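Okay, so here's the structure we're looking at.
Values in this document were obtained by computation on a predicted structure and should not be read as measured data.
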Amino acid sequence: MIKETLKVTGMHCPKCTARVEKTVRAIDGVESVAADFEADKVELAYDGQPSTLAAVKAAIAAEDFVVED
């Protein structure tokens, strides 16, 4: 498993973090996810496949949050 920390802006409350976690957790290849709206970050452990990371970023963006590179 690979661990990655993404900078994600637009999360303003615990409900936002729950939305992100639920969405990301549903993606195949994701082992764990923890979002923190106060720190603007999402920590995840995943299978290391570039396609999994791309799917995570796309899913977060689809929830109207911004993944910064």
Show me, pair by pair, the donor-acceptor contacts under 3.5 angstrom made by side chains of residues 46-67, not counting sequence neighbours?
residue	atom	partner	partner atom	Å
Asp47	OD1	Gln49	N	3.0
Asp47	OD1	Thr52	OG1	2.9
Asp47	OD2	Thr52	OG1	3.3
Glu63	OE1	Arg19	NE	2.9
Glu63	OE1	Arg19	NH2	3.3
Glu63	OE2	Thr23	OG1	3.4

Do any side-chain atoms of residues 1-15 form donor-acceptor pairs under 3.5 angstrom with protein atoms, and if so which ones, sequence neighbours left out?
residue	atom	partner	partner atom	Å
Thr9	OG1	Glu68	OE2	3.4
His12	NE2	Gly10	O	3.2

Subject >> Set of residues satisfying side-chain hydrogen bond (donor to acceptor under 3.5 Å, both in side chains) with respect to Lys41, sequence neighbours excluded >> reply: Glu43
